[in-house]
Amino acid sequence: MFKWANWFGGNEAEKEIFSPNKKIKCRFILRSGKIFYMIKKNDEIVVNESGLGFLICGENPLKDNFYLIRTQTKTHKETFEMLWGEDRFIKNNYEEAVFYLSEKKEPRRIFTLRFRIFDDGVAFRYEIPAQPKFRQISIKDELTEFNINNDSLAWKIPAYQPDRYEYNYEKCQVKDLRSFVHTPLTLKTENGYYLAIHEAALYNYGSMTLKLNEDGKLKSDITPLSDGTRAHVELPFETPWRLIMIGDSAIELTKNRLIYALNDPPKENFSWVKTIKFIGIWWAMYVGEWTWAPGERHGATTEHAKEYIDSAVRLGISGLLIEGWNEGWEGDWLENGINNSFTISTPDFDLEEVTRYARRNKIEIIGHHETVGFIDNYERQLESAYDYYARNGIHYIKTGYAGSMMLINGRREYHHSQLGVNHYQKTVELASKKHICLDIHEPIKGTGIERTWPNLLSREGARGQEYEGGALSPSHACFLPYTRLLSGGMDYTSGIFDLANNVKRIATTLARQLAYFITIYSGMSMASDRPFIYEEQFRTEFNFIKSVPTNFEKTVPLAGEIGEYYIVARKDRDSEDWYLGGVTNEDSRRINLSLDFLDNEEYEAEIFSDGKNSHYRDNQFEIVHEKTKLKKSDSLNLYLAPGGGFAIHLKKL
Ligand code: NOJ
Ligand code: CA
């Protein structure tokens, strides 16, 4: 629905576009040749008047002197299906307005602004058509503003730091955002709305970070290249979508799926892609039992791999990750990784034999490429490395980009710059050609492109359990659903049961390790501890991990507050079963859950919850395991201990 303040094109225009349910209103403003937008929900301002435009290298800025040539509008209503994920069906209902703009003076460049107004957010992007004398441009700065009331709250992680996205979330006020932060940036406005500023469909461009400018407005800062520009592009070009997710509560925000709605459907058939759960030659390295590098305690030997395959079979898990199998881990691997080989294994690891053994036992091998950010070295080998794995029947690769910067074309570049973005994309596209799925660690943030490229099954892109042993507090996993996970699934490397280990003590209860398989979605999901821990001590708890799906029909977030707690229910894609999980921060809490989201069936519930004395610090293993019958009209009363959680499997009877 549209309300025209000025129907005709011109230097001055104001147009309002309403969301399908009319609650969100976005105003496009052209004033004295400059362009702005603002957003209201229920007639209350959520984003104040904010500027738009670009600075272009060697050219006049593209930010004023505009007039409106014409406007085009459209209503779109659609429900699409995701091959895998948290929800099978996603709505894509919006009102669209496209503003065609031109400069009044020479060189009379033209560009387009496309706005889409949804019931749960607003998105817009710039589209710059090819035009005479304006074919290739270098972006000096993108001037997009998000003018949020400065007393609003924000939950931030810093940008342009050595550990990429791997930081703890901090709560502050918008007025404190004086250094760069990553998106999704979650906010609570003074009038009580929950927002997340993010982007969708990030291709061939630097990723967007944010910082308060001198006028007190959040402004986009596109990750620069080493030459100081933000991106070199050929026209026609469209930027990623600038997205403002809007919810009435924190929990409502976690239902937002607009990143997928704003991406294209797949262009090929990806029915070969399957989500997977796996164990790994992995945590043994973190607790110092094994090493990535060859030597006496080398983890990735043929013998260990076969033993782990046998364990996977016994545990009923279908995949095995093998890290440290290739040449390049000797010495300080972070320093020396520049010559890593992705086709030559260490002398004690025989890939052909291991994959043959895996195939015989119906176990998928998850290959591993730790690039350490040395992109030139990796790209030289990319084709042969993927071929090598594909030839040996490997359909999954975990990639890694440890290292504070990338080395691309001999220059140090940010992971999240245009060149970094293009590298990640190259791996996804090449992998898709070889029918390989990826789990990218130290990735580019999620912007929903896995709708188009479903073989991108997971990412890390936040602090995961590798930071346990001191650097993770129980609140961390209570921030993630409201922040990082708004950008898609995460490989959190859940399921560590050896909680009181001297080398890596884990700040959770046992029940909470099960909860992670529900509260943190991942299309590739690792049960991360060493298999003997599962087999010898925790068979019952492990059976929950075994049963939990990696692909869901639908997700129903139930309750929570940012950094405090999060409770969610998910229905299996392949059965009538439901799974519930919850986590809390350092505070214990009792919750009463109505089960009215269930289908009209009877269920046998298997419940794993904290005991009354459980505590993440000194009583991690106390766990209550119960079975009971439940139905839609019932409610559940559950106790979550400090740093604790619960996990429930509701099996349809
Ligand atoms: C960091 C990744 O997050 C971790 O999972 C991996 O084991 C190491 N890099 C080594 O590649
Ligand atoms: Ca990492």
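When reading the values below, keep in mind they use all heavy atoms of this one structure, side chains included, and skip hydrogens, waters and symmetry mates. Whatever order the structure lists them in is the order used to number ligands and atoms, beginning at 1.
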Specify the protein heavy atom at minimum distance from [atom]: its residue, its atom name, and the distance to 0.1 Å.
atom                   : answer
atom 7 (O) of ligand 1 : E323 OE1, 2.7 Å
atom 5 (O) of ligand 1 : K398 NZ, 2.7 Å
atom 3 (O) of ligand 1 : H441 ND1, 2.7 Å

Geometry at the Ca ion (ligand 2) - E460 OE1 versus E166 OE2 angle, rounded to 10 degrees: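 Between OE2 of E166 and OE1 of E460, at the Ca ion (ligand 2), the angle is about 70°.
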Residues Q513 and T508: side-chain donor-acceptor under 3.5 angstrom: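 Yes - a donor-acceptor pair under 3.5 Å links their side chains.
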Option of least heavy-atom distance to atom 9 (N) of ligand 1 (set: H369, E370, E466):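 It is E370 that holds the nearest heavy atom.
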Heavy-atom nearest neighbour of atom 8 (C) of ligand 1 within options W283, W282, Y286: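 Minimum heavy-atom distance to atom 8 (C) of ligand 1 goes to Y286.
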Polar contacts were defined as any N/O atom of the residue lying under 3.5 Å from an N/O atom of the ligand; does this apply to [X] and ligand 1?
X    : result
E166 : no
W292 : no
E442 : yes
E460 : yes

Measuring centre to centre across the rings, with the benzene-like ring taken for any Trp, is [X] within less than 6.0 Å of [Y]?
X    : Y    : value
Y389 : H369 : yes
Y388 : F342 : no
W272 : H395 : no

Residue portion contacting ligand 1 (non-hydrogen atoms closer than 4.0 Å) for M285: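 None of M285 does.
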Which segment of Y401 sits under 4.0 Å of ligand 1 when only heavy atoms are counted: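 Within the 4.0 Å criterion, Y401 makes no contact with ligand 1.
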side-chain hydrogen bond (donor to acceptor under 3.5 Å, both in side chains) between E364 and S318, worked out: CA-CA 6 Å; E364 295 277 352; S318 42; over 6 Å; no
Side chain to side chain, Y521 and L485, heavy atoms closer than 4.5 Å: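 Side-chain contact under 4.5 Å: no.
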With heavy-atom distances below 4.0 Å as the criterion, list the atoms of ligand 1 near [X].
X    : answer
H368 : 11 (O)
W333 : 10 (C)
W329 : 10 (C), 11 (O)

Backbone of Y401 reached by a side-chain donor or acceptor of H415 within 3.5 Å: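 Side chain of H415 to backbone of Y401, a donor-acceptor pair under 3.5 Å: yes, one is there.
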Approximate separation, where rounding is to 0.5 Å, of F479 CZ and Y169 OH: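 Those atoms lie 10.0 Å apart.
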N, O or S atom within E466 nearest to the Ca ion (ligand 2), by name: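 Within E466, restricted to N, O or S, the Ca ion (ligand 2) is closest to atom OE2.
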N/O/S atom name from E442 that is nearest to the position of the Ca ion (ligand 2):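 Nearest N/O/S atom: OE2.
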Ion pair R242/E199, N-O distance below 4.0 Å: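 E199 and R242: salt-bridged.
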Distance under 6.0 Å and angle within 45° of ring axis: K306 vs Y357: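 Output yes; distance and angle both within limits.
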Neighbour count >12 (heavy atoms, 6.0 Å) for atom CG, N502: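 For N502, atom CG is not crowded (no more than 12 foreign heavy atoms under 6.0 Å).
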